[in-house]
Amino acid sequence: MAESKSIKEFISILGAANVTTDSSGVTDYSIDGLVPKAVLFPENEEQISEILKVASRESVSVMPVGSGTKRSLGNIPPSLDVLLSTQKLDRVLEHEARDLVATTQSGVTLEGFQNKLGENNQFLSVNPMHQAHGATIGGIIASNASGPLRLRYGTLRELLIGLRVVRADGTVFKGGSKVVKNVAGYDLPKLYVGSLGTLGIITEATLRLYPVPERSETYLVSFTTLEKCAETVMELLKSELVMNSLELLNPLLVNEVTGRIGIELKRKKHALAIRVMNVDKAVSEQMALVKKVCNKARGQGVTVEGESENKLWDEIVNCPWNKSSENLVKLKAGVLITDVARVFSELEELSSQRALILYASSKAGNGIVDITLKGDTADLASTINTLREYCESGKGSLVIEAATPELKSEVDVWGDIGSGLALMKRIKSNFDPAGILNPGRFI
Amino acid sequence: MSSDWKIAFKDKLLAILGPQGVIYKDDELIAYECDALTGHRVKPVFVALPETAEQVSSVVRECYEQNVPYVPRGAGTGLSGGALPTEEGIVISLSRMNKILDIDIPNERVVVEPGVVNVSVTDAVSSSGYYYAPDPSSQIVCTIGGNVAENSGGVHCLKYGVTSNHVLGLEVVLPDGEIIQIGGKTAERPGYDLAGLVVGSEGLLGIVTKVTLRIVRKPETVKTLFATFDRIEDAGASVSGITARGVIPAGMEIMDNLCIRSVEEAIGCGYPVDAGAILLVELDGPEAEVTAQMPIVQSVLKDHNANEIKIARDSNERDLFWKGRKSAFPAMGRISSDYYVQDGVIPRSKLAEVLGKVGELSKKYGLRVANVFHAGDGNLHPLVLYDGNVEDEYHKALELAGDILTVCVDSGGSITGEHGVGHDKKRFLSLMFDESDLDTMNLLRCSFDVKGLCNPGKVFPTPRTCVEPGMKPYKEHPLQKKGLGEMY
Ligand SMILES: Cc1cc2nc3c(=O)[nH]c(=O)nc-3n(C[C@H](O)[C@H](O)[C@H](O)COP(=O)(O)OP(=O)(O)OC[C@H]3O[C@@H](n4cnc5c(N)ncnc54)[C@H](O)[C@@H]3O)c2cc1C
C-alpha cells in the first residue's frame with residue numbers, strides 16, 4: 001500500500017494520539033502472527049467514514065475490531081495493513097426501559113452495557129465468551145457470538161433491531177428501526193449479524209432487552225453414561241419446561257469447572273447443567289420437575305444458586321480459555337439436536353486415539369457443540385477434518401473459531417459454506433468494491 | 001415489446017408446466033389481478049403454476065432470458081399489494097407447491113413447500129404437543145411462502161417473535177434461475193445470514209421453493225384476561241406498565257370503542273358496547289409462572305383504571321374473548337361500506353400519545369378511524385372508514401392513513417410492522433430511510449437481481465438500477481487518455 005502516505009492521512013483525521021504505530025503497540029494487536037502497520041482508534045462515526053474513504057481509495061486493508069477478543073476468528077489474512085478499533089465509541093446512547101429497548105455505540109463492552117441496563121433491572125440476553133475480557137457489542141454482533149442463554153432467548157439475530165454502519169466507501173447508513181416489530185425495507189441488521197466486519201463497520205446498535213428474571217437456579221447433574229445424558233436431554237426438551245440453558249459437558253470440563261468454583265460433584269462423568277430463570281415460585285416448581293426427570297435416569301446432582309451460579313456459567317463458557325489460550329484450538333459445530341451425543345462420542349473417540357486434551361460443551365437444545373482441543377498440530381488437523389466430514393455428512397457444519405496460524409494453514413477455517421457462497425461473494429463485492437474490509441478472512 | 005413474445009412465451013411455459021400449469025384465458029386471469037389490496041389491479045399476461053423447484057427455475061430462467069418481469073404469489077392475502085402483477089409481466093403462483101415434506105419432532109423442525117397454508121403446519125404437529133408460533137389472523141388461508149416474503153407476525157409475536165425468528169432454512173430460485181440452499185435444519189451455518197435477508201424481502205430477492213421451520217413446544221398453561229377501560233389511553237398505558245413489571249405476555253391486544261361496537265354488531269360475542277377500550281392479555285408458560293404473573297397484570301390494570309377484569313375460565317371462554325378480536329377487520333363491513341387497513345408501529349411507551357393524535361387526524365379529515373392493534377409490540381392497525389361511493393372519500397382516507405404513518409415515524413416507529421411496503425407504501429419508505437439507506441438496500445437487491453425482474457416496482461420509492469457486480473468505477477484506458485483511441 002501507499003502505507004506511509006495513508007497513515008499520515010489517518011493521523012490527520014484522528015490526531016496522533018488515536019493512532020498507534022510504535023512496534024510494541026501494534027504487536028499487541030497482531031493477528032495470526034501478522035503485525036498491523038497501525039491501529040486506529042476513531043472517536044466517532046464521521047472519522048470512521050473519512051478513514052474508510054481513504055482506505056478504499058488507497059486499497060488499504062482495514063480489519064475492524066472491538067476489543068479484539070475474537071481476532072483469531074477467520075482465515076489467515078493475506079496481508080494486514082491497519083486495525084480499526086471501535087473501543088472509543090463507548091457510550092450507551094439511550095435506554096428506554098418501558099419499551100425494553102436500548103441504543104448503544106458499538107464499542108461499549110457487554111459488561112458495561114449490562115451494568116447500565118441493570119440500573120433498570122433489564123439485560124441483554126446473551127452470555128458469550130470473553131465477556132470479562134471486554135467483548136464489545138459490535139464485536140458480538142459481527143461474530144454472532146452467543147452463549148448458553150440462547151436456548152431461551154436466541155442469539156443477536158433475534159435481538160438486534162436496528163443499526164448504523166459505515167460502508168467500505170465511507171457511506172453511512174442505518175438499517176432496521178428502534179421498534180421491535182418492523183418490516184419496512186430489507187432486514188439489514190440480519191446481514192450484519194455474523195458478517196465479521198466484511199461488509200462495513202457497525203457504529204451503533206439498537207437492541208431488544210428482557211427484564212431480569214426474579215430468580216435463577218441451576219442443577220448440575222452427572223450421569224453414568226453419555227447415552228443417559230442424551231436421553232435426559234430429549235426428555236427435558238419434549239417436556240413443558242421452559243429452560244434458559246441446557247448444557248451438556250464432557251467429564252474433563254466438568255472436573256475443571258467444579259474444581260475451579262469449589263463445587264463437589266461425586267461422579268466425574270458427563271453432566272448436564274440445567275438453568276431455569278423465572279419468577280420465584282415457577283423456578284421451584286420447574287426445578288422439581290427437572291430433578292424428577294434426571295432422577296429417572298439416575299442422575300446425581302447439586303443445585304447451584306447465587307454468586308456460585310454466575311461463576312459456574314462463566315466457567316462453562318470460558319473455562320479452558322480462562323486458564324490459558326496457548327496452543328488451544330476452539331471449534332464450533334452446528335448439528336441436529338439429535339446428533340449432539342453422536343458428535344460428542346465421535347469427538348471423544350478421535351481425541352483419545354490421538355491423546356488430545358478435549359473440553360466439550362454443547363448447547364444441547366440448539367445443536368451447538370463448543371469444542372476446545374489441545375495437542376499436536378498434525379493430530380489436530382486430522383481430527384478437525386474427520387470431525388468436519390462427520391458433521392457435514394449430517395447436514396451440519398464445523399467452524400474453527402480460534403487456532404494457531406500453523407494449524408490454520410493446514411485446515412480450512414470455515415468448511416463448506418454451501419450453494420449460497422457465490423451470492424455471498426456478490427454481496428461482499430457490492431458492499432466493498434475495493435475489497436478493503438477484512439479481505440480474505442471470511443467471504 | 002410487441003405481443004409476439006407472448007405467443008412464443010406461452011408455448012415455452014406450456015412446455016415446462018403442461019396445460020394444467022399455465023393460465024392464459026382472460027376470464028381466469030382476473031383472479032390474479034390483485035391481492036387483498038383490491039384498490040389496485042393489473043392483469044398479468046400469464047400465470048404459471050409450477051409444481052417443483054426445477055419448474056420454477058425453468059420459468060424464471062425463461063423470464064431472465066426474455067426480460068419478462070414476474071411476481072411470485074401465495075394465497076394473495078397480502079395487504080400491501082406485494083403480489084400485484086407487473087404490466088406486461090407474469091405471475092408465478094406457488095399454490096400447487098403445497099406439500100409438507102418432513103416433520104421432525106425431536107429436532108423441532110418442519111420442512112414445507114411454500115404453498116403450504118400457515119395453519120396446516122400447526123395442524124401437522126399439534127398431536128405431538130408442538131405448534132408453529134407465527135399466527136397471522138389470516139392463517140387459515142395465507143401461505144408460508146407469503147409469510148416468509150412479508151415476515152409476517154401475528155398476535156403472539158411479542159413473546160415468540162415473527163416469521164424470521166422461526167425460519168432456519170430456505171431453498172430459493174434466484175432471479176437468474178439458479179437454485180440455492182440456504183441454512184437448513186441446524187441452528188447455525190457459516191456464511192452470511194441469507195435466510196434472514198430473504199425473509200421480509202417481499203418477494204424481491206427470489207422465489208422461495210422450500211422452507212425449514214422451527215416449531216415450538218405448546219405451553220403448559222394459557223390464561224387470557226379481558227379488561228375494559230373508559231379511556232383507550234389507560235389501556236395503552238397498561239401495556240407498557242405490564243412489561244415494565246417484568247412480565248412479557250404472549251400477546252396484548254387493544255380494541256377501541258368503534259371497533260368493539262362493530263364486532264358486537266357483527267358477531268355478538270358479548271363485548272360491552274359502551275366500553276372505551278378492551279384490552280386482551282394472554283399469558284402462557286409453566287403453570288407456576290402464569291399463576292404468579294396474573295396478579296401482577298391485574299394490579300397494573302387496576303392502577304390504570306380498568307373497570308371490568310375477567311379471566312377466561314376455560315378454553316371456550318378464551319375463544320370467545322378472542323373471537324371478537326379475530327373478526328375485527330371483517331366486522332368493519334357492518335358499520336362502513338369500505339375501510340382501509342393501516343399498519344404502523346410505535347414504541348409501546350408512546351401508545352397513549354399516538355392514539356390521541358390519530359383521534360385528532362380523524363376529526364380533521366371527518367372520517368372515522370377504528371383502532372385495533374397488537375399493543376404489546378406497538379403495532380397499530382387503524383382502520384380508516386370511508387364510503388367509496390362518495391366522491392373523493394377514498395383519497396381522503398388514503399391521505400389520512402398516510403398522515404398516521406407520519407405520526408408513527410415521528411414517534412420513533414415504523415411505517416409497517418407486518419403487512420409490508422409492497423406497492424402501497426413505497427412513497428412512505430423515505431419517511432424512515434434516507435438516500436444512503438435506500439442505496440444500501442439497493443446494493444443488496446442488485447446482488448440478487450441485477451436485471452430487476454423479480455417483483456419490480458415494489459418497496460422502493462423510486463426505481464433503481466444496478467451497476468453490474470464487480471464493475472469498478474469507470475477509468476479511462478491509457479490509450480483514451482492520450483487521445484489515441486475511443487471506446488465504442
Ligand atoms: C384478514 C386478513 C388478516 C391479516 N392478518 C395478518 C396478521 O395478523 N399478521 C400479518 O403479518 N399479516 C396479516 N395479513 C396479511 C397477509 O395475510 C400476510 O402478509 C401473508 O403472509 C400473505 O401470505 P399470502 O400467501 O397470501 O401471500 P401473497 O399475498 O400471495 O404474497 C405476499 C408477498 O409474498 C410474495 N410471495 C409469495 N409467495 C412467495 C414465494 N414463494 N417466494 C417469494 N415471494 C413470495 C409475493 O410476491 C408478495 O410480495 C392479513 C391479511 C388479511 C386479508
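First the proteins, then the strands, lettered A, B, ... as listed; each starts at 1. Heavy-atom basis, side chains included; hydrogens, waters and symmetry copies ignored.
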Okay, A:M234 and chain B: the region with an atom under 4.5 Å from a heavy atom over there is side chain
| request: Show your reasoning for whether salt bridge (charged side-chain N to carboxylate O under 4.0 Å, His left out) applies to B:K350 and A:E96. | output: CA-CA 11 Å; B:K350 303 268 172 66; A:E96 183 43 84; over 6 Å; no
Smallest heavy-atom separation, B:L158 atom then B:G376 atom, equals CD1-O, 3.6 Å
Applying a strict 4.5 Å limit to non-hydrogen atoms, the region of B:R189 in contact with chain A is both
Applying a strict 4.5 Å limit to non-hydrogen atoms, the region of B:I182 in contact with chain A is neither
Check: A:L199 and A:I427 side chains under 4.5 Å, non-hydrogen atoms: yes
Notebook entry, point to check: Is it true that a side-chain atom of A:D432 and a backbone atom of A:S429 form a donor plus acceptor pair closer than 3.5 Å?
Noted result: no
So, the part of A:K395 with a heavy atom under 4.5 Å from chain B: the answer is backbone
Are B:D439 and A:R167 close enough for a salt bridge, meaning some N to O gap below 4.0 Å?
yes
Cut-off 4.5 Å, heavy atoms of chain A, and the answer for B:S128 is neither
Task: Flag, side chain of A:N438 to backbone of A:L196, donor-acceptor distance under 3.5 Å - done: yes
Under 4.5 Å to a heavy atom of chain B? For A:D187 that would be both
Highest number of heavy-atom pairs under 4.5 Å with chain B among A:N278, A:T155, A:V279 belongs to A:N278
Applying a strict 4.5 Å limit to non-hydrogen atoms, the region of A:S284 in contact with chain B is neither
Using the ring of each side chain (for Trp, its six-membered ring), is A:Y210 parallel, tilted or perpendicular to A:Y153, with breaks at 30° and 60°? tilted
The interface call for B:E178 against chain A, heavy-atom contacts under 4.5 Å, is side chain
When the 4.5 angstrom heavy-atom criterion is applied to A:S195 and chain B, the contacting part is both
(message) Using side-chain hydrogen bond (donor to acceptor under 3.5 Å, both in side chains), reason through A:R208 and A:S125 one step at a time and then give a plain yes or no.
(response) CA-CA 9 Å; A:R208 179 183 180 166; A:S125 55; over 6 Å; no
Under 4.5 Å to a heavy atom of chain B? For A:F431 that would be both
Applying a strict 4.5 Å limit to non-hydrogen atoms, the region of A:V165 in contact with chain B is neither
Honestly, the part of B:L174 sitting under 4.5 Å from a heavy atom of chain A is side chain
If one checks every heavy atom of B:D377 against chain A at 4.5 Å, the contacting part turns out to be both
One option among A:I417, A:I368, A:T338 has the most heavy-atom pairs under 4.5 Å with chain B, and it is A:T338
Per-residue tally against chain A (heavy atom, under 4.5 Å) across B:V172, B:I180, B:T243 peaks at B:I180
Residue from B:D193, B:V459, B:V345, B:T440 scoring the most non-hydrogen pairs under 4.5 Å with chain A is B:T440
Highest number of heavy-atom pairs under 4.5 Å with chain A among B:S201, B:A244, B:S240 belongs to B:S201
When the 4.5 angstrom heavy-atom criterion is applied to B:I346 and chain A, the contacting part is backbone
Are A:E94 and A:K178 close enough, and set up right, to give a salt bridge (charged side-chain N to carboxylate O under 4.0 Å, His left out), and what steps lead you there?
CA-CA 11 Å; A:E94 187 178 13; A:K178 293 187 176 177; 3.4 Å; yes
(message) side-chain hydrogen bond (donor to acceptor under 3.5 Å, both in side chains), that's the test. Do B:E418 and B:S152 meet it? Break it down for me.
(response) CA-CA 5 Å; B:E418 53 182 20; B:S152 300; over 6 Å; no
**Message:** Using the rule given for side chain to side chain contact (heavy atoms under 4.5 Å, CB included), can you reason through B:S80 versus B:E150, listing the C-alpha separation, both sets of side-chain angles and the distance that settles it, and then say yes or no?
**Reply:** CA-CA 10 Å; B:S80 56; B:E150 302 290 3; 4.1 Å; yes
Greatest number of non-hydrogen atom pairs under 4.5 angstrom with chain B, of A:V193, A:L237, A:V283, A:L241, falls to A:L237
Check the orientation of B:H381 and B:H374. Use parallel for under 30°, tilted for 30 to 60°, and perpendicular for over 60°.
perpendicular
Comparing A:V172, A:D280, A:V399, A:L191 against chain B, the one with the most heavy-atom pairs below 4.5 Å turns out to be A:L191
Residue from B:S349, B:G246, B:G285 scoring the most non-hydrogen pairs under 4.5 Å with chain A is B:S349
Applying a strict 4.5 Å limit to non-hydrogen atoms, the region of B:L194 in contact with chain A is side chain
(request) For A:N182 and B:S414, indicate whether the former's side chain and the latter's backbone hold a donor-acceptor pair under 3.5 Å. (result) no
Salt-bridge present (A:E45, A:R164; N to O < 4.0 Å)
yes
Okay, A:L100 and chain B: the region with an atom under 4.5 Å from a heavy atom over there is both
Given B:V421, B:N165, B:L204, B:N151, the one with more heavy-atom pairs under 4.5 angstrom with chain A than any other is B:N165
(Q) Main chain of A:D99, side chain of B:R348: is a donor-acceptor contact present, judged purely on distance under 3.5 Å? (A) yes
Under 4.5 Å to a heavy atom of chain A? For B:F428 that would be neither
Dump the intermediate steps for ring pair (Phe, Tyr, Trp, His ring centres under 6.0 Å) on B:Y192 and A:F442, then the final yes or no.
-> CA-CA 10 Å; B:Y192 299 144; A:F442 182 37; 5.6 Å; yes
Cut-off 4.5 Å, heavy atoms of chain A, and the answer for B:D343 is neither
Would you find a donor on one side and an acceptor on the other, under 3.5 Å apart, between the side chain of A:E392 and the backbone of A:S397?
-> no
Greatest number of non-hydrogen atom pairs under 4.5 angstrom with chain B, of A:T171, A:V335, A:V180, A:N366, falls to A:V335
Applying a strict 4.5 Å limit to non-hydrogen atoms, the region of B:K425 in contact with chain A is neither
One option among A:P213, A:S146, A:S419 has the most heavy-atom pairs under 4.5 Å with chain B, and it is A:S419
Bottom line for B:R445: the part with an atom under 4.5 Å from chain A's heavy atoms is both
Bottom line for A:A97: the part with an atom under 4.5 Å from chain B's heavy atoms is neither
Do B:K185 and B:D104 meet the salt-bridge criterion of a basic N to acidic O distance under 4.0 Å?
yes
Whatever's closer than 4.5 Å to a heavy atom in chain A on B:E287 counts as neither
If one checks every heavy atom of A:Q122 against chain B at 4.5 Å, the contacting part turns out to be neither
Pair A:E158 + A:R150, salt bridge at N-O below 4.0 Å:
no
Of the listed B:L444, B:N107, B:T416, the one with the largest count of heavy-atom pairs under 4.5 Å with chain A is B:N107
Take A:K332 and A:D370, measure what salt bridge (charged side-chain N to carboxylate O under 4.0 Å, His left out) needs, and give me the verdict at the end.
CA-CA 5 Å; A:K332 176 160 77 175; A:D370 288 306; 5.8 Å; no
